[in-house]
**Q** 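Submitted below is the structure of interest, expressed as structure tokens.
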Amino acid sequence: MSVSVQAEDFDLGVEVAAMTSGNPDIGAVVTFIGLVRDTTGGALLSMELEHYPGMTEQALSQIEQAATKRWSLNASRVIHRYGNLQTGAQIMMVATASAHRSDAFEAAEFLMDYLKTDAPFWKKEHFKEGGEWVASKAADDAAKDRWSS
Amino acid sequence: MSVSVQAEDFDLGVEVAAMTSGNPDIGAVVTFIGLVRDTTGGALLSMELEHYPGMTEQALSQIEQAATKRWSLNASRVIHRYGNLQTGAQIMMVATASAHRSDAFEAAEFLMDYLKTDAPFWKKEHFKEGGEWVASKAADDAAKDRWSS
Amino acid sequence: MQLDVLYFAWVRERIGLAKEQVTTDAQTVADLVKELSVREERYQAAFQDMTVVKVAIDQTMVSLDAPLKGAREVAFFPPMTGG
Amino acid sequence: MQLDVLYFAWVRERIGLAKEQVTTDAQTVADLVKELSVREERYQAAFQDMTVVKVAIDQTMVSLDAPLKGAREVAFFPPMTGG
């Protein structure tokens, strides 16, 4: 179980290998990667990620602990970047490892849904004409709420 | 959209990078990896994977096409190994790339559920005392059936 | 009619071979199973419980009552356990 | 009471700073918002619609009516958009 908030990029293969190495109980690993997407067909210059240092790490750890309590996980990993990122760059990843695929899948989705609404990150898209803060989505609240039922 | 059935190992990071590179519409990538699990606490010598050449590739391609029809995917990748694998070795992976995480997650779960029941692979666990074919699970049929409702 | 008949996993092990050519007048998969089962005990051992044996004709899954007409390749195997 | 008050994203941009020390007798977050809003227009611009502003006290999310007693750090920011 481990959380990193960093400016640097990460290597998915290396992270997954580190999670699973030497643990013969792991049968399933699910990962999610978020990438900087250009929805304008080429006008995006970059995406800036702001966060709340201190609270971010705490929020991510709490979300990870909640997932670990709810599903049978052998390991989990959350990495979220901040700073100025180019189109196609990796923004963040979550990875979950378990004996069985259903635990790994559900826990990864849970981590993502809570991370979206509870981890203090904000995205700003930079265009030639200026910057624009990405609006939060009602769908993200709905996605999180499904875990409470 | 691409399927490989191979004896060789694969590199998750390389596969994902190849899938997403140069496609600015991709915002979300979900991957699943299956690993050889030792449920005996050390008695497993190896796991043998047998398959039905020809039918395997066809079945995997059909499953991938069904996923592509049902969800909005920018790319997908399925790799499944055969032969004799050690504890901890990678058995297979699926990866799905989409603009949004819900498509990527659902399509990856769908691919896994159908692959489990419809792709002609069989696992045999080898122990000191001999080999044992892994039994299919009723849970796998149930997991697949949820997509028909 | 001449068919390539393939066996996989424990079906293959019980029958003792992976592939054979079979000349048969069987109309359906079920007829072929009956014909092979009376032929030798090892087929009977493999086919004794057909609820745990799956069948593909020309690499497409079919049910036991599927007709063999036009088939070139028939395969028998246990439920899949990949992934 | 002296508080560190932090602003993020467009709340930070409207107020024009990321962090300040505020001396206040406000009992709740809502009182503090009111106090700042009458102080200067830029606060009013940031806090005009508090349904789109979230609050954390000492790095834990709270509601607008949360008491400030014992607080050291209060943060205002828009709904999160990470991931």
Side-chain angles (χ1 to χ4, degrees), chain B residues 3 5 32-37 47-63 78-83 85 90-94 108-125 130-144, chain C residues 2-22 28-30 32-33 36 41-83:
Chain B
V3 158
V5 181
F32 176 91
I33 313 173
L35 303 170
V36 177
R37 208 175 130 228
M47 180 174 273
E48 187 188 329
L49 269 137
E50 181 172 339
H51 79 120
Y52 183 172
M55 181 172 168
T56 315
E57 291 80 357
Q58 200 175 297
L60 292 176
S61 292
Q62 275 166 5
I63 297 166
V78 179
I79 302 177
H80 205 301
R81 297 176 69 190
Y82 57 83
L85 304 176
Q90 301 188 124
I91 301 170
M92 49 78 61
M93 64 163 278
V94 308
E109 288 201 67
F110 174 93
L111 286 173
M112 282 309 304
D113 289 345
Y114 273 80
L115 188 152
K116 282 264 172 192
T117 58
D118 289 15
F121 288 99
W122 302 275
K123 285 181 186 137
K124 189 177 191 175
E125 295 177 320
E132 213 165 288
W133 290 98
V134 171
S136 68
K137 291 196 199 86
D140 286 335
D141 286 317
K144 177 185 144 181
Chain C
Q2 210 174 41
L3 291 171
D4 283 334
V5 185
L6 278 64
Y7 309 108
F8 292 97
W10 57 253
V11 177
R12 171 179 55 70
E13 288 181 342
R14 286 189 197 173
I15 292 173
L17 49 89
K19 188 175 178 176
E20 63 182 322
Q21 281 212 329
V22 173
T28 66
V29 173
L32 177 64
V33 166
L36 291 168
E41 208 164 310
R42 56 199 173 107
Y43 293 99
Q44 211 187 324
F47 295 143
Q48 62 190 354
D49 180 4
M50 286 303 290
T51 64
V52 293
V53 177
K54 296 193 170 265
V55 192
I57 294 181
D58 294 331
Q59 309 191 351
T60 298
M61 303 276 293
V62 296
S63 60
L64 260 184
D65 56 3
L68 286 174
K69 208 187 158 195
R72 286 172 322 237
E73 183 175 298
V74 179
F76 295 97
F77 43 77
M80 284 82 143
T81 55

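The chains referred to below are lettered A, B, ... by the order of the sequence lines, with proteins before strands, and numbering in each begins at 1. Keep in mind that this is a model prediction, so the values were computed, not measured.
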**Q** About how many Å separate NZ of C/Lys19 and CG of C/Leu17, when rounded to the nearest 0.5 Å?
**A** 11.5 Å

**Q** Between C/Leu32 and C/Phe76, is there a side-chain heavy-atom distance shorter than 4.5 Å?
**A**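 Result yes, sub-4.5 Å side-chain heavy-atom pair found.
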
**Q** State whether the side chain of B/Lys124 and the backbone N or O of C/Trp10 hold a donor-acceptor pair below 3.5 Å, judged by distance alone.
**A** no

**Q** With a 3.5 Å distance limit and no angle check, can you tell me whether B/Trp122 reaches the backbone of C/Phe8 through a side-chain donor-acceptor pair?
**A**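 Checked: no pair found.
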
**Q** Are any of the side-chain heavy atoms of C/Arg12 and B/Glu50 separated by less than 4.5 Å?
**A** yes

**Q** Please classify the contact between B/Asp141 and chain C as side chain, backbone, both or neither, with a heavy-atom cut-off of under 4.5 Å.
**A** neither

**Q** Could you look at B/Met55 and say if it's the side chain, the backbone, both or neither that has a heavy atom under 4.5 Å from chain C?
**A**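 Backbone plus side chain of B/Met55, per the 4.5 Å heavy-atom cut-off to chain C.
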
**Q** Check step by step if side chain to side chain contact (heavy atoms under 4.5 Å, CB included) holds for C/Gln21 and C/Gln2.
**A** CA-CA 7 Å; C/Gln21 281 212 329; C/Gln2 210 174 41; 3.5 Å; yes

**Q** Can you tell me which portion of C/Ala18 sits under 4.5 Å from chain B's heavy atoms? Options are side chain, backbone, both or neither.
**A**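 Neither part.
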
**Q** Name the member of B/Gly54, B/Gly131, B/Ala135 that forms the most heavy-atom pairs with chain C at distances under 4.5 Å.
**A** B/Gly54

**Q** Is there a side-chain contact between B/Ile91 and B/Lys123 (heavy atoms, below 4.5 Å)?
**A**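 A side-chain contact under 4.5 Å exists here.
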
**Q** So if I take each residue of residues 57-71 of chain C and look for any heavy atom under 4.5 Å from a heavy atom in chain B, which residues do I end up with?
**A** C/Gln59, C/Thr60, C/Met61

**Q** Just wondering, are more than 12 heavy atoms of other shown residues or ligands nearer than 6.0 Å to CD in C/Glu20?
**A**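 Enclosed.
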
